Peer 1: 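Before anything else, here's the structure in question.
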Amino acid sequence: MKRTLHLAVAQTGPIQAHHSRKEVVARLCELLKEAASRGARWVVFPELTLTTFFPRWSMDDPAQVRSYFEAEMPSPETLPLFELSRDLQVGFYLGYAELAGERQFNSSILVDGGKIIGKYRKIHIPGDAQAQENYPVQHLEKKYFEVGDLGFPVFDAGEARIGMCICNDRRWPETYRVMGLQAVDIVMVGYNTPVAYGRLGEPAHLPALQNQLPLKASAYQNTCWIAAAAKAGVEEGIPMIGGSCIVAPTGEIAVQALSEDDEVINYVCDLDLANGYRNNIFNFARHRRPEHYKAIVERTGADTTPL
Ligand code: ING
């Protein structure tokens with residue numbers, strides 16, 4: 001009997017500063033309903049799905065900053081999404097700004113049967129802690145979020161082992177390898193990626209390529225499926241890439257979004273497709289040699305001193 005899981009990714013178009021939580025949750029509920037109507041068992045929403053990508057601005061008024069965070073989950077505004085998930089029996093990944101006491105995290109949760117069954121807090125926090133002079137676009141996640149303190153856990157969600165990461169995490173191979181070493185079947189990731197990351201001044205074709213590159217490589221190298229959900233389109237005047245996709249353990253894109261708006265993509269994933277790779281070329285137990293990998297754990301930055 002094949003182990004399959006019907007997976008959906010719910011890409012959202014832009015969320016502007018004036019969009020209320022209520023309006024956004026209504027959009028997410030429509031996307032969840034669409035995914036359920038296609039037979040999906042799980043739906044992946046983007047990073048910081050409930051608000052506009054506020055780390056593009058430098059804000060020092062604590063009340064203004066806190067207005068982008070959720071002090072409780074579910075909150076009265078997000079409860080309808082939890083209830084719909086329970087009623088439709090469709091689980092979801094949701095990215096949001098988490099206020100945990102006085103601590104601020106860029107977080108994601110797994111919700112199934114209307115209950116939170118897993119949480120992750122973003123570990124690779126990109127950008128800067130202070131606004132940079134003459135940057136066309138700021139990226140101040142280090143100003144607003146602490147480094148996550150939950151590691152990269154993998155959760156047993158019945159038919160599959162599911163792990164999570166968030167946006168910049170997807171560019172770092174360590175993210176997936178830690179989950180691959182926990183036999184993850186599916187990695188769910190949401191992202192908000194500006195088209196022009198100002199300080200790089202790179203050709204326009206590269207952001208899309210550099211989005212897919214780590215997803216394809218990491219799905220293949222860690223014998224897992226990856227479901228990646230963008231918040232896309234022009235948010236507060238800043239273009240964000242779309243390109244939401246579901247990637248197979250073969251390294252192939254199984255399905256991808258065509259628009260930069262609210263869009264559902266879905267795919268019936270054969271979870272045993274990974275077996276061939278796990279038993280052969282990526283049989284970690286047979287082929288990995290951790291005794292030669294110590295630099296990966298012992299060093300943070302690169303340096304020329306001999307190991
Ligand atoms: N966004 C971006 C990302 O990693 C970024 C930050 C953009 C880094 C472009 C490098 C290049 O996709 C978030 N939210 O991490």
Side-chain angles (χ1 to χ4, degrees), residues 9 11-17 44-59 65 68-70 93-98 104-109 120-132 135-148 152 163-176 187-219 226-245 247 256-257 260 301:
V9 165
Q11 171 177 289
T12 71
I15 293 174
Q16 311 302 349
V44 181
F45 290 111
E47 169 192 31
L48 297 175
T49 310
L50 300 172
T51 67
T52 197
F53 185 72
F54 62 90
R56 63 170 68 92
W57 298 313
S58 180
M59 299 174 282
V65 172
Y68 291 99
F69 284 79
E70 311 302 322
Y93 160 115
L94 181 76
Y96 68 100
E98 178 195 9
Q104 297 177 172
F105 295 101
N106 185 343
S107 300
S108 64
I109 46 175
Y120 169 72
R121 289 168 170 164
K122 187 173 184 179
I123 285 172
H124 297 96
I125 308 289
D128 309 290
Q130 299 301 328
Q132 302 299 302
Y135 273 5
V137 180
Q138 298 295 339
H139 198 107
L140 297 171
E141 291 192 60
K142 290 187 191 298
K143 178 181 174 73
Y144 299 117
F145 302 123
E146 284 188 47
V147 172
F152 295 107
M164 295 185 273
C165 67
I166 301 174
C167 206
N168 197 250
D169 287 321
R170 78 189 185 286
R171 300 180 190 275
W172 299 89
E174 296 89 344
T175 299
Y176 306 90
V187 174
M188 298 180 175
V189 51
Y191 60 90
N192 288 214
T193 299
V195 169
Y197 190 62
R199 64 279 287 124
L200 298 182
E202 60 187 358
H205 69 276
L206 285 182
L209 181 145
Q210 292 167 353
N211 175 49
Q212 280 199 359
L213 185 64
L215 297 174
K216 293 166 82 170
S218 303
I226 299 179
K231 172 138 64 70
V234 181
E235 259 199 5
E236 298 296 322
I238 306 294
M240 311 274 277
I241 69 166
S244 302
C245 57
V247 190
Q256 76 176 56
E260 291 185 342

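This structure is a prediction, so every number in the text was calculated from the model and none was measured. Note that ligands are numbered from 1 as they come in the structure, with each ligand's atoms numbered from 1 the same way.
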Peer 1: Under a 4.0 Å heavy-atom limit, does Phe53 contact ligand 1 with its side chain, its backbone, both, or neither?
Peer 2: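 For Phe53, only side-chain atoms sit under 4.0 Å from ligand 1.
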Peer 1: So which of Lys122, Lys231, Glu47 gets nearest to atom 15 (O) of ligand 1, if we judge by its closest heavy atom?
Peer 2: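 Going through Lys122, Lys231, Glu47 one by one, Lys122 has the nearest heavy atom to atom 15 (O) of ligand 1.
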Peer 1: Mark the output for His124 as yes if a heavy-atom distance to ligand 1 is under 4.0 Å, and as no if none is.
Peer 2: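 Not so, His124 does not reach ligand 1.
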Peer 1: Mind checking whether Gln210 contacts ligand 1 via backbone (N, CA, C, O), side chain (CB onward), both or neither, at a 4.0 Å heavy-atom cut-off?
Peer 2: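 It is neither; nothing of Gln210 touches ligand 1.
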Peer 1: Measure from atom 1 (N) of ligand 1 to every heavy atom in Val195, Asn192, Leu206, Asn168 and give the option owning the shortest one.
Peer 2: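 That would be Asn192.
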Peer 1: Return yes when Glu141 approaches ligand 1 closer than 4.0 angstrom through a heavy atom, no otherwise.
Peer 2: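 Heavy atoms of Glu141 do come under 4.0 Å of ligand 1.
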Peer 1: Taking only residues two or more places apart in sequence or in another chain, which ones pass salt bridge (charged side-chain N to carboxylate O under 4.0 Å, His left out) with Glu236?
Peer 2: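 In terms of salt bridge (charged side-chain N to carboxylate O under 4.0 Å, His left out), with neighbours along the sequence ignored, Glu236 is linked to no residue.
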Peer 1: Among Tyr191, Trp172, Tyr176, which one satisfies ring pair (Phe, Tyr, Trp, His ring centres under 6.0 Å) with His124?
Peer 2: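 Running ring pair (Phe, Tyr, Trp, His ring centres under 6.0 Å) over Tyr191, Trp172, Tyr176 with His124 returns exactly one hit, Trp172.
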Peer 1: For atom 9 (C) of ligand 1, find the nearest protein heavy atom and state the residue, atom name and distance (0.1 Å precision).
Peer 2: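 Of the protein heavy atoms, Tyr197 CG, 3.4 Å lies nearest.
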Peer 1: Could you walk me through whether Phe54 and Phe69 pass the side chain to side chain contact (heavy atoms under 4.5 Å, CB included) test, one step at a time?
Peer 2: CA-CA 10 Å; Phe54 62 90; Phe69 284 79; 3.7 Å; yes
Peer 1: Please report the interatomic distance CG(Leu48) to CD(Glu70), rounded to the nearest 0.5 Å.
Peer 2: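 Going from the CG atom of Leu48 to the CD atom of Glu70 covers 10.0 Å.
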Peer 1: Tell me if a side-chain donor or acceptor on Thr52 pairs with a main-chain N or O of Ile15 at a distance below 3.5 Å.
Peer 2: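 Answer holds: yes.
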Peer 1: Going by side-chain contact (heavy atoms from CB on, under 4.5 Å), name the residues that satisfy it together with Pro126, two or more places apart in sequence or in a different chain.
Peer 2: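 For Pro126 the side-chain contact (heavy atoms from CB on, under 4.5 Å) partners, ignoring immediate neighbours, are Lys122, His139, Glu141, Asn168.
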Peer 1: Write out the residue and atom name of the closest protein heavy atom to atom 12 (O) of ligand 1, then the distance separating them to 0.1 Å.
Peer 2: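 Looking only at protein heavy atoms, the one closest to atom 12 (O) of ligand 1 is Thr193 OG1, 2.6 Å.
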Peer 1: In terms of residue, atom name and distance, what is the protein heavy atom nearest to atom 6 (C) of ligand 1?
Peer 2: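 Protein heavy atom at minimum distance: His139 CE1, 3.4 Å.
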Peer 1: Determine the interplanar angle of the Tyr68 and Trp57 rings, folded into 0 to 90°, and report it as parallel if under 30°, tilted if 30 to 60°, perpendicular if over 60°.
Peer 2: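 If you compare the ring of Tyr68 with that of Trp57, the planes turn out tilted.
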Peer 1: Please list the nearest protein heavy atom to atom 13 (C) of ligand 1 with its residue and the distance rounded to 0.1 Å.
Peer 2: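 So the nearest neighbour among protein heavy atoms is Cys167 SG, 2.8 Å.
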Peer 1: For ligand 1, which atoms, with element, lie under 4.0 Å from some heavy atom of Arg170?
Peer 2: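 Counting from 1, the qualifying ligand atoms are 3 (C), 12 (O).
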Peer 1: Report yes or no: does Gln212 contribute a side-chain atom to a donor-acceptor pair with the main-chain N or O of Gln210 at less than 3.5 Å?
Peer 2: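 Looks like no, no N/O pair under 3.5 Å.
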